[in-house]
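Right, one structure below, let's go through it.
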Amino acid sequence: MSNSPLPSPLGGPPKPTSPGGLIIREREPVNFESPFEQLDSFLTPNDLFYIRSHFQAPALDGNNYELRIDGAVETPLVLRYEELRKLPSETRVATLECAGNSRIFLVPQVEGAQWELGAVGTAEWTGVPLPRLLEKVGLSEDAVEIVFEGADRGKPKEKPTPPAEISYARSLRREKALAPEVLVAYQMNGRDLPPDHGYPVRLIVPGHYGMASVKWLTHIQAVRETFQGYWQTSDYAFWEERDGQPVRRPLSEILLKSQIAGPRMYEVVPASLPYTVFGAAWCGGADVAQVEVSTDGGENWTAAEFVDAPRRFAWRRWRMTWQVPSQPGRYQLMARATDIQSQQQPEKHDPNYGTYVIHHPLAIDVFVGL
Ligand SMILES: Nc1nc2c(c(=O)[nH]1)N[C@H]1C(S)=C(S)[C@@H](COP(=O)(O)O)O[C@H]1N2
Ligand SMILES: [Mo]
(Lines give C-alpha, C1' and ligand atoms only; values in the text may rest on other atoms or scores of the structure.)
(Ligands and ions follow the chains in the order given, each with its own letter.)
Protein backbone atom coordinates (compact mmCIF):
# COMPACT_ATOMS: atom_id res chain seq x y z
CA MET A 1 0.00 0.00 0.00
CA SER A 2 2.82 2.41 0.79
CA ASN A 3 4.08 1.94 -2.78
CA SER A 4 0.69 2.80 -4.24
CA PRO A 5 1.33 4.91 -7.36
CA LEU A 6 -1.87 6.93 -6.95
CA PRO A 7 -2.12 8.13 -3.35
CA SER A 8 -5.20 9.62 -1.77
CA PRO A 9 -5.18 13.44 -1.47
CA LEU A 10 -3.76 13.01 2.02
CA GLY A 11 -1.21 10.34 1.04
CA GLY A 12 -1.38 6.69 1.99
CA PRO A 13 -4.41 4.84 3.32
CA PRO A 14 -7.36 6.66 4.88
CA LYS A 15 -6.91 7.71 8.48
CA PRO A 16 -8.92 9.71 10.98
CA THR A 17 -8.70 13.29 9.77
CA SER A 18 -8.08 16.39 11.85
CA PRO A 19 -10.86 18.92 12.28
CA GLY A 20 -10.38 22.31 10.74
CA GLY A 21 -8.96 21.88 7.27
CA LEU A 22 -6.95 24.57 5.52
CA ILE A 23 -7.57 28.25 4.74
CA ILE A 24 -7.62 29.30 1.07
CA ARG A 25 -5.22 32.11 0.11
CA GLU A 26 -5.32 31.30 -3.60
CA ARG A 27 -7.45 28.60 -5.21
CA GLU A 28 -5.34 27.87 -8.31
CA PRO A 29 -2.47 27.22 -7.98
CA VAL A 30 -3.18 25.74 -4.57
CA ASN A 31 -2.00 28.03 -1.77
CA PHE A 32 -3.64 27.01 1.48
CA GLU A 33 -2.54 27.88 4.96
CA SER A 34 -2.72 25.97 8.19
CA PRO A 35 -5.10 27.06 10.98
CA PHE A 36 -2.22 28.05 13.28
CA GLU A 37 -4.48 28.22 16.34
CA GLN A 38 -4.75 24.40 16.11
CA LEU A 39 -1.17 24.04 17.22
CA ASP A 40 -1.83 21.13 19.52
CA SER A 41 0.81 18.67 18.39
CA PHE A 42 4.55 18.97 17.80
CA LEU A 43 4.16 17.42 14.33
CA THR A 44 1.64 19.07 12.03
CA PRO A 45 -0.71 16.41 10.60
CA ASN A 46 -0.42 16.10 6.80
CA ASP A 47 -3.97 17.36 6.27
CA LEU A 48 -3.24 20.53 8.27
CA PHE A 49 0.14 21.27 6.66
CA TYR A 50 0.22 24.45 4.56
CA ILE A 51 0.57 24.17 0.78
CA ARG A 52 2.54 26.71 -1.22
CA SER A 53 2.66 26.01 -4.96
CA HIS A 54 3.57 28.40 -7.76
CA PHE A 55 2.10 26.26 -10.54
CA GLN A 56 -0.45 23.50 -10.82
CA ALA A 57 0.80 20.29 -9.17
CA PRO A 58 2.15 17.98 -11.91
CA ALA A 59 0.47 14.55 -12.04
CA LEU A 60 3.46 12.29 -11.48
CA ASP A 61 3.28 8.53 -11.17
CA GLY A 62 5.76 6.60 -9.03
CA ASN A 63 5.80 3.81 -11.64
CA ASN A 64 7.30 6.09 -14.30
CA TYR A 65 9.22 8.42 -12.03
CA GLU A 66 12.92 9.03 -12.62
CA LEU A 67 15.37 11.29 -10.83
CA ARG A 68 18.30 12.46 -12.98
CA ILE A 69 21.54 13.48 -11.28
CA ASP A 70 24.09 15.05 -13.62
CA GLY A 71 26.15 18.16 -14.43
CA ALA A 72 29.55 18.59 -12.76
CA VAL A 73 29.76 14.94 -11.62
CA GLU A 74 31.91 11.93 -12.55
CA THR A 75 29.11 9.45 -13.26
CA PRO A 76 25.64 10.82 -13.97
CA LEU A 77 22.85 8.69 -12.53
CA VAL A 78 19.18 8.02 -13.19
CA LEU A 79 17.24 6.61 -10.25
CA ARG A 80 13.78 5.12 -10.49
CA TYR A 81 11.32 5.55 -7.61
CA GLU A 82 11.68 1.93 -6.37
CA GLU A 83 15.47 2.20 -6.57
CA LEU A 84 15.48 5.34 -4.48
CA ARG A 85 13.18 3.73 -1.90
CA LYS A 86 15.49 0.75 -1.57
CA LEU A 87 18.49 2.87 -0.58
CA PRO A 88 19.24 3.29 3.13
CA SER A 89 16.90 5.99 4.41
CA GLU A 90 16.75 8.38 7.33
CA THR A 91 13.92 10.20 9.07
CA ARG A 92 14.35 13.82 10.14
CA VAL A 93 12.09 16.37 11.77
CA ALA A 94 12.08 19.78 10.11
CA THR A 95 9.95 22.90 10.37
CA LEU A 96 9.15 24.43 6.98
CA GLU A 97 8.21 28.08 6.89
CA CYS A 98 7.32 29.93 3.70
CA ALA A 99 9.49 33.06 3.43
CA GLY A 100 6.27 35.02 2.86
CA ASN A 101 4.60 33.80 6.04
CA SER A 102 2.85 36.62 8.02
CA ARG A 103 2.93 38.95 5.00
CA ILE A 104 -0.58 40.15 5.91
CA PHE A 105 0.95 41.87 8.97
CA LEU A 106 2.93 44.33 6.81
CA VAL A 107 1.58 47.90 6.84
CA PRO A 108 0.91 49.26 4.27
CA GLN A 109 -0.36 46.07 2.67
CA VAL A 110 1.89 44.58 -0.02
CA GLU A 111 1.30 42.33 -3.02
CA GLY A 112 1.66 38.57 -2.83
CA ALA A 113 -0.19 35.75 -1.09
CA GLN A 114 -1.75 37.19 2.06
CA TRP A 115 -0.40 34.64 4.51
CA GLU A 116 -1.42 35.09 8.11
CA LEU A 117 0.35 32.86 10.67
CA GLY A 118 -0.16 29.46 9.07
CA ALA A 119 2.44 29.19 6.26
CA VAL A 120 4.54 27.13 8.65
CA GLY A 121 4.46 23.52 9.86
CA THR A 122 6.61 20.74 11.26
CA ALA A 123 6.81 17.21 9.90
CA GLU A 124 8.93 14.10 10.05
CA TRP A 125 10.45 13.51 6.62
CA THR A 126 11.87 10.20 5.38
CA GLY A 127 14.24 9.80 2.47
CA VAL A 128 17.81 9.40 1.31
CA PRO A 129 20.37 11.90 2.61
CA LEU A 130 21.49 14.06 -0.32
CA PRO A 131 25.22 13.69 0.47
CA ARG A 132 24.92 9.91 -0.12
CA LEU A 133 23.52 10.48 -3.61
CA LEU A 134 26.20 13.07 -4.37
CA GLU A 135 28.82 10.58 -3.20
CA LYS A 136 27.41 7.99 -5.61
CA VAL A 137 27.79 10.30 -8.62
CA GLY A 138 31.15 11.76 -7.55
CA LEU A 139 30.72 15.50 -7.22
CA SER A 140 33.42 17.43 -9.14
CA GLU A 141 35.74 19.49 -6.99
CA ASP A 142 34.84 22.64 -8.88
CA ALA A 143 31.07 22.21 -8.42
CA VAL A 144 30.03 25.25 -6.37
CA GLU A 145 26.28 24.71 -6.22
CA ILE A 146 23.65 22.07 -6.84
CA VAL A 147 20.47 22.98 -8.73
CA PHE A 148 17.21 21.19 -7.91
CA GLU A 149 14.43 21.25 -10.48
CA GLY A 150 10.78 20.32 -10.05
CA ALA A 151 8.46 18.89 -12.72
CA ASP A 152 6.01 21.81 -12.40
CA ARG A 153 6.07 24.56 -15.04
CA GLY A 154 4.32 27.80 -15.85
CA LYS A 155 4.55 31.58 -16.00
CA PRO A 156 5.53 33.08 -12.67
CA LYS A 157 3.80 36.19 -11.31
CA GLU A 158 6.42 38.22 -9.48
CA LYS A 159 8.05 40.89 -11.73
CA PRO A 160 10.36 40.98 -13.64
CA THR A 161 8.97 37.84 -15.26
CA PRO A 162 10.70 35.69 -17.87
CA PRO A 163 9.18 35.69 -21.40
CA ALA A 164 8.36 31.96 -21.50
CA GLU A 165 7.23 29.21 -19.16
CA ILE A 166 9.80 28.07 -16.64
CA SER A 167 10.13 25.25 -14.17
CA TYR A 168 10.55 25.66 -10.42
CA ALA A 169 14.29 25.45 -9.66
CA ARG A 170 16.44 26.47 -6.70
CA SER A 171 20.09 25.89 -5.85
CA LEU A 172 22.02 25.14 -2.68
CA ARG A 173 25.60 26.07 -1.88
CA ARG A 174 27.95 23.06 -2.03
CA GLU A 175 28.45 23.02 1.77
CA LYS A 176 24.71 22.95 2.53
CA ALA A 177 24.08 20.30 -0.16
CA LEU A 178 26.68 18.11 1.59
CA ALA A 179 25.19 18.67 5.05
CA PRO A 180 23.79 15.47 6.60
CA GLU A 181 20.35 16.97 7.29
CA VAL A 182 19.36 17.53 3.65
CA LEU A 183 17.05 14.78 2.39
CA VAL A 184 15.70 13.57 -0.93
CA ALA A 185 12.40 12.66 0.74
CA TYR A 186 9.48 10.44 -0.24
CA GLN A 187 7.55 10.30 3.03
CA MET A 188 5.93 12.87 5.28
CA ASN A 189 4.89 11.84 8.80
CA GLY A 190 5.22 8.18 7.85
CA ARG A 191 3.10 8.33 4.69
CA ASP A 192 3.98 8.67 1.04
CA LEU A 193 4.16 12.36 0.14
CA PRO A 194 0.70 13.77 -0.68
CA PRO A 195 0.45 15.12 -4.28
CA ASP A 196 0.39 18.78 -3.16
CA HIS A 197 3.48 18.25 -1.01
CA GLY A 198 5.61 16.91 -3.86
CA TYR A 199 4.69 13.27 -4.57
CA PRO A 200 6.61 11.16 -5.37
CA VAL A 201 9.87 12.86 -4.30
CA ARG A 202 10.90 16.25 -2.93
CA LEU A 203 13.93 17.88 -1.44
CA ILE A 204 13.86 18.79 2.27
CA VAL A 205 16.33 21.46 3.35
CA PRO A 206 16.08 21.76 7.14
CA GLY A 207 16.93 25.26 8.34
CA HIS A 208 16.13 27.04 5.08
CA TYR A 209 12.89 28.80 4.18
CA GLY A 210 10.39 26.55 2.40
CA MET A 211 11.34 27.68 -1.13
CA ALA A 212 14.53 25.57 -0.89
CA SER A 213 12.60 22.32 -0.42
CA VAL A 214 11.84 21.69 -4.10
CA LYS A 215 8.74 19.54 -4.64
CA TRP A 216 8.18 17.04 -7.50
CA LEU A 217 11.96 16.81 -7.76
CA THR A 218 13.08 15.23 -11.06
CA HIS A 219 16.51 16.74 -11.74
CA ILE A 220 19.59 17.40 -9.61
CA GLN A 221 22.39 19.19 -11.45
CA ALA A 222 25.81 20.14 -10.10
CA VAL A 223 27.01 23.47 -11.54
CA ARG A 224 30.34 25.31 -11.68
CA GLU A 225 28.91 28.81 -11.35
CA THR A 226 26.41 30.41 -9.02
CA PHE A 227 22.91 29.64 -10.31
CA GLN A 228 21.05 32.83 -11.27
CA GLY A 229 17.57 31.41 -11.99
CA TYR A 230 14.34 33.32 -11.50
CA TRP A 231 13.56 31.83 -8.05
CA GLN A 232 17.05 32.74 -6.91
CA THR A 233 17.26 36.36 -8.08
CA SER A 234 13.90 37.83 -9.11
CA ASP A 235 11.77 36.03 -6.53
CA TYR A 236 12.94 34.68 -3.14
CA ALA A 237 15.90 37.05 -3.05
CA PHE A 238 16.84 40.07 -0.93
CA TRP A 239 19.20 43.05 -0.94
CA GLU A 240 22.40 42.48 0.97
CA GLU A 241 24.83 45.28 1.74
CA ARG A 242 28.26 44.39 0.24
CA ASP A 243 31.09 46.93 0.35
CA GLY A 244 28.59 49.74 0.50
CA GLN A 245 26.47 48.42 -2.40
CA PRO A 246 23.20 46.51 -2.22
CA VAL A 247 23.53 43.21 -4.09
CA ARG A 248 20.83 40.66 -4.86
CA ARG A 249 21.20 37.41 -2.89
CA PRO A 250 18.99 34.33 -2.62
CA LEU A 251 17.08 33.84 0.64
CA SER A 252 18.32 30.88 2.64
CA GLU A 253 18.30 30.35 6.45
CA ILE A 254 15.08 30.82 8.40
CA LEU A 255 15.49 33.74 10.78
CA LEU A 256 14.45 33.62 14.43
CA LYS A 257 10.70 34.02 14.97
CA SER A 258 7.99 33.46 17.54
CA GLN A 259 4.25 33.43 16.83
CA ILE A 260 1.20 33.54 19.08
CA ALA A 261 -1.33 30.83 18.16
CA GLY A 262 -3.81 31.78 20.88
CA PRO A 263 -5.44 34.11 21.60
CA ARG A 264 -6.35 35.15 18.05
CA MET A 265 -6.68 38.70 16.73
CA TYR A 266 -9.62 40.51 18.42
CA GLU A 267 -10.46 37.53 20.59
CA VAL A 268 -12.44 38.49 23.70
CA VAL A 269 -10.87 37.04 26.84
CA PRO A 270 -12.64 37.02 30.19
CA ALA A 271 -11.43 39.53 32.80
CA SER A 272 -9.74 38.51 36.07
CA LEU A 273 -9.07 34.87 35.09
CA PRO A 274 -5.87 33.12 34.09
CA TYR A 275 -5.55 32.65 30.32
CA THR A 276 -2.99 30.42 28.59
CA VAL A 277 -1.22 32.32 25.82
CA PHE A 278 0.49 29.78 23.54
CA GLY A 279 2.50 29.55 20.36
CA ALA A 280 5.72 28.33 18.79
CA ALA A 281 9.18 29.72 18.06
CA TRP A 282 11.79 28.55 15.56
CA CYS A 283 14.86 29.46 13.55
CA GLY A 284 17.14 27.85 10.98
CA GLY A 285 20.40 28.41 12.80
CA ALA A 286 21.06 28.36 16.54
CA ASP A 287 18.39 26.86 18.81
CA VAL A 288 15.66 28.94 20.40
CA ALA A 289 16.67 29.58 24.02
CA GLN A 290 13.91 31.81 25.34
CA VAL A 291 10.48 33.19 24.51
CA GLU A 292 8.99 36.17 26.30
CA VAL A 293 5.47 37.49 26.08
CA SER A 294 4.25 41.05 26.48
CA THR A 295 0.60 41.83 27.18
CA ASP A 296 1.06 45.61 27.15
CA GLY A 297 2.30 46.30 23.63
CA GLY A 298 5.97 45.59 24.32
CA GLU A 299 6.58 47.54 27.57
CA ASN A 300 7.01 44.57 29.90
CA TRP A 301 8.02 41.02 29.05
CA THR A 302 7.48 37.75 30.94
CA ALA A 303 9.29 34.50 30.16
CA ALA A 304 7.12 31.77 28.65
CA GLU A 305 7.65 28.09 29.43
CA PHE A 306 8.61 25.65 26.69
CA VAL A 307 6.40 22.71 25.81
CA ASP A 308 9.02 21.07 23.55
CA ALA A 309 12.71 20.39 24.16
CA PRO A 310 15.12 22.13 21.80
CA ARG A 311 15.65 20.17 18.60
CA ARG A 312 17.72 21.46 15.72
CA PHE A 313 15.61 22.60 12.72
CA ALA A 314 12.31 22.17 14.58
CA TRP A 315 10.02 24.61 16.31
CA ARG A 316 9.50 24.74 20.08
CA ARG A 317 5.99 25.24 21.29
CA TRP A 318 5.64 27.46 24.35
CA ARG A 319 2.93 28.75 26.71
CA MET A 320 2.53 31.44 29.30
CA THR A 321 -0.20 31.99 31.86
CA TRP A 322 -1.57 35.48 31.60
CA GLN A 323 -3.33 36.71 34.71
CA VAL A 324 -5.90 38.73 32.80
CA PRO A 325 -6.52 42.12 34.43
CA SER A 326 -9.91 43.10 35.80
CA GLN A 327 -9.84 46.28 33.72
CA PRO A 328 -11.84 45.73 30.49
CA GLY A 329 -10.44 47.15 27.27
CA ARG A 330 -7.99 46.51 24.48
CA TYR A 331 -4.63 44.82 25.16
CA GLN A 332 -1.77 44.16 22.77
CA LEU A 333 0.05 40.82 22.96
CA MET A 334 3.46 40.11 21.49
CA ALA A 335 5.94 37.22 21.69
CA ARG A 336 9.66 37.57 21.20
CA ALA A 337 12.31 34.86 20.94
CA THR A 338 16.01 34.80 21.81
CA ASP A 339 18.42 32.14 20.52
CA ILE A 340 21.32 30.44 22.30
CA GLN A 341 23.68 33.08 20.89
CA SER A 342 21.59 35.77 22.63
CA GLN A 343 20.25 37.07 19.31
CA GLN A 344 16.76 38.49 19.52
CA GLN A 345 14.07 39.04 16.93
CA PRO A 346 14.32 42.54 15.44
CA GLU A 347 11.70 45.09 16.45
CA LYS A 348 10.76 45.93 12.87
CA HIS A 349 10.61 44.34 9.43
CA ASP A 350 13.80 44.89 7.42
CA PRO A 351 12.88 46.50 4.05
CA ASN A 352 15.92 44.82 2.43
CA TYR A 353 13.83 41.64 2.56
CA GLY A 354 10.96 43.22 0.60
CA THR A 355 7.79 41.21 1.12
CA TYR A 356 9.66 38.28 2.70
CA VAL A 357 11.22 37.33 6.06
CA ILE A 358 8.57 38.88 8.27
CA HIS A 359 10.08 37.87 11.60
CA HIS A 360 9.60 40.80 13.95
CA PRO A 361 7.22 40.31 16.91
CA LEU A 362 3.68 40.41 15.50
CA ALA A 363 1.15 42.28 17.59
CA ILE A 364 -2.11 40.50 18.43
CA ASP A 365 -4.83 42.79 19.79
CA VAL A 366 -7.38 41.29 22.14
CA PHE A 367 -10.26 42.61 24.22
CA VAL A 368 -10.68 41.91 27.86
CA GLY A 369 -14.40 41.62 28.54
CA LEU A 370 -16.36 41.37 31.75
N1 LIG B 1 8.49 22.34 -7.46
C2 LIG B 1 8.11 23.24 -6.54
N3 LIG B 1 8.69 23.16 -5.33
C4 LIG B 1 8.34 24.05 -4.36
C5 LIG B 1 7.42 25.10 -4.63
C6 LIG B 1 6.83 25.15 -5.92
O7 LIG B 1 6.00 26.01 -6.23
N8 LIG B 1 7.22 24.20 -6.85
N9 LIG B 1 7.13 26.00 -3.63
C10 LIG B 1 8.17 26.17 -2.62
C11 LIG B 1 7.77 27.01 -1.50
S12 LIG B 1 7.78 28.67 -1.78
C13 LIG B 1 7.49 26.50 -0.26
S14 LIG B 1 7.19 27.51 1.04
C15 LIG B 1 7.45 25.04 -0.04
C16 LIG B 1 6.11 24.64 0.53
O17 LIG B 1 6.03 23.25 0.73
P18 LIG B 1 4.62 22.60 1.06
O19 LIG B 1 3.66 23.03 -0.01
O20 LIG B 1 4.82 21.14 1.11
O21 LIG B 1 4.20 23.15 2.40
O22 LIG B 1 7.66 24.30 -1.24
C23 LIG B 1 8.65 24.84 -2.07
N24 LIG B 1 8.91 23.92 -3.16
MO1 LIG C 1 7.45 29.76 0.20
Side-chain angles (χ1 to χ4, degrees), residues 20 22-26 30-39 44 48-54 94-123 157-158 207-213 235-239 251-267 277-285 288 291-294 297-298 304 313-318 332-339 343-366:
L22 298 172
I23 303 154
I24 306 171
R25 293 292 168 223
E26 190 177 341
V30 171
N31 284 288
F32 297 169
E33 79 171 84
S34 193
F36 190 65
E37 72 279 9
Q38 288 191 36
L39 181 73
T44 312
L48 289 184
F49 205 98
Y50 82 96
I51 300 164
R52 204 294 176 245
S53 297
H54 288 272
T95 294
L96 291 196
E97 183 189 15
C98 181
N101 190 30
S102 315
R103 184 175 285 142
I104 206 163
F105 283 86
L106 294 182
V107 178
Q109 193 172 23
V110 295
E111 279 184 24
Q114 297 298 305
W115 302 113
E116 203 186 289
L117 299 169
V120 61
T122 300
K157 289 186 194 131
E158 257 59 56
H208 281 204
Y209 282 109
M211 80 271 133
S213 294
D235 204 1
Y236 295 117
F238 69 106
W239 294 107
L251 292 173
S252 54
E253 275 83 19
I254 299 179
L255 300 190
L256 184 65
K257 184 171 180 181
S258 181
Q259 285 189 174
I260 296 173
R264 307 263 301 153
M265 188 67 92
Y266 273 33
E267 190 171 317
V277 181
F278 72 105
W282 59 88
C283 69
V288 176
V291 171
E292 294 160 292
V293 175
S294 171
F313 307 124
W315 65 20
R316 292 184 82 178
R317 288 170 302 149
W318 54 263
Q332 190 166 75
L333 272 55
M334 289 198 260
R336 138 182 119 181
T338 307
D339 70 16
Q343 298 283 336
Q344 228 168 43
Q345 289 178 247
E347 273 173 33
K348 289 203 160 55
H349 175 246
D350 179 348
N352 284 321
Y353 287 117
T355 65
Y356 290 111
V357 190
I358 298 107
H359 76 126
H360 60 288
L362 305 169
I364 302 292
D365 296 326
V366 302

**Study point:** Validation row: L255, Y209 side chains within 4.5 angstrom (heavy atoms)
**Key:** yes
Exercise for review: Tell me yes or no: between the side chains of S258 and W318, is some donor less than 3.5 Å from an acceptor?
Suggested key: yes
Review point. What are the two closest heavy atoms between P263 and I364, and how far apart are they?
Key: O-CG2, 3.7 Å
Exercise for review: Could you check if a side-chain atom of W115 sits within less than 4.5 angstrom of a side-chain atom of V120, using non-hydrogen atoms only?
Suggested key: no
Check your understanding: Considering all heavy atoms of both residues, which atom of N101 and which atom of W282 are nearest to each other, and what is their separation?
Key -> ND2-CZ2, 4.5 Å
Point to revise | Heavy-atom donor-acceptor pair, R264 side chain to E37 backbone, under 3.5 Å | key: no
Check your understanding: Is any side-chain heavy atom of Q345 closer than 4.5 Å to a side-chain heavy atom of M334?
Key -> no
Review point. What closest approach, in Å, do Q259 and E97 show between heavy atoms, and which atom pair accounts for it?
Key: OE1-OE2, 4.4 Å
Review point. Which heavy atom in A304 sits nearest to a heavy atom in V293, and how many Å separate them?
Key: CB-CG2, 4.3 Å
**Study point:** Side chain H208, main chain L251, donor-acceptor under 3.5 Å
**Key:** no
Check your understanding: Heavy atoms, side chains only, cut-off 4.5 Å: are L117 and S102 in contact?
Key -> yes
Revision key, fill the gap. Here the gap from E267 atom CD to L333 atom CG, rounded to the nearest 0.5 Å, amounts to 10.0 Å
Review point. Sub-3.5 Å donor-acceptor pair from the side chain of R103 to the main-chain atoms of A113, do we have one?
Key: yes
Practice item. Answer yes or no: is there a side-chain heavy-atom contact under 4.5 Å between V277 and I260? Key: yes
Study note, to complete from the structure: Minimal heavy-atom distance between T95 and W315, with the atoms involved, is OG1-N, 2.8 Å
Revision key, fill the gap. Minimal heavy-atom distance between F105 and M265, with the atoms involved, is CE2-CE, 4.2 Å
Check your understanding: Taking H359 for the side chain and K257 for the main chain, is one N or O donor matched with an acceptor at less than 3.5 Å?
Key -> no
Check your understanding: Is the closest side-chain heavy-atom distance between M211 and H54 below 4.5 Å?
Key -> no
Practice item. Enter the distance from N352:CG to F238:CZ here, rounded to the nearest 0.5 Å. Key: 8.5 Å
Check your understanding: Okay, side chain of Q344, backbone of R336: is any donor-acceptor separation there less than 3.5 Å?
Key -> no
Exercise for review: Take I358 and Y353 through the side chain to side chain contact (heavy atoms under 4.5 Å, CB included) test and state the conclusion after the steps.
Suggested key: CA-CA 8 Å; I358 298 107; Y353 287 117; over 6 Å; no
Exercise for review: Over 60° means perpendicular and under 30° means parallel, so classify the ring planes of Y356 and Y236, tilted if in between.
Suggested key: tilted
**Study point:** R25 side chain reached by R52 side chain, heavy atoms, under 4.5 Å
**Key:** no
Revision key, fill the gap. d(E116 CD, I23 CD1) to nearest 0.5 Å is 6.5 Å
Practice item. Might you work through the side chain to side chain contact (heavy atoms under 4.5 Å, CB included) test for N31 and Y50, ending with a clear yes or no? Key: CA-CA 8 Å; N31 284 288; Y50 82 96; over 6 Å; no
Check your understanding: Counting N and O atoms only, with roles assigned by atom type, does the side chain of Q114 sit under 3.5 Å from a partner on the main chain of G112, one being a donor and the other an acceptor?
Key -> yes
Review point. Can you check whether L48 reaches P35 side chain to side chain, under 4.5 Å on heavy atoms?
Key: yes
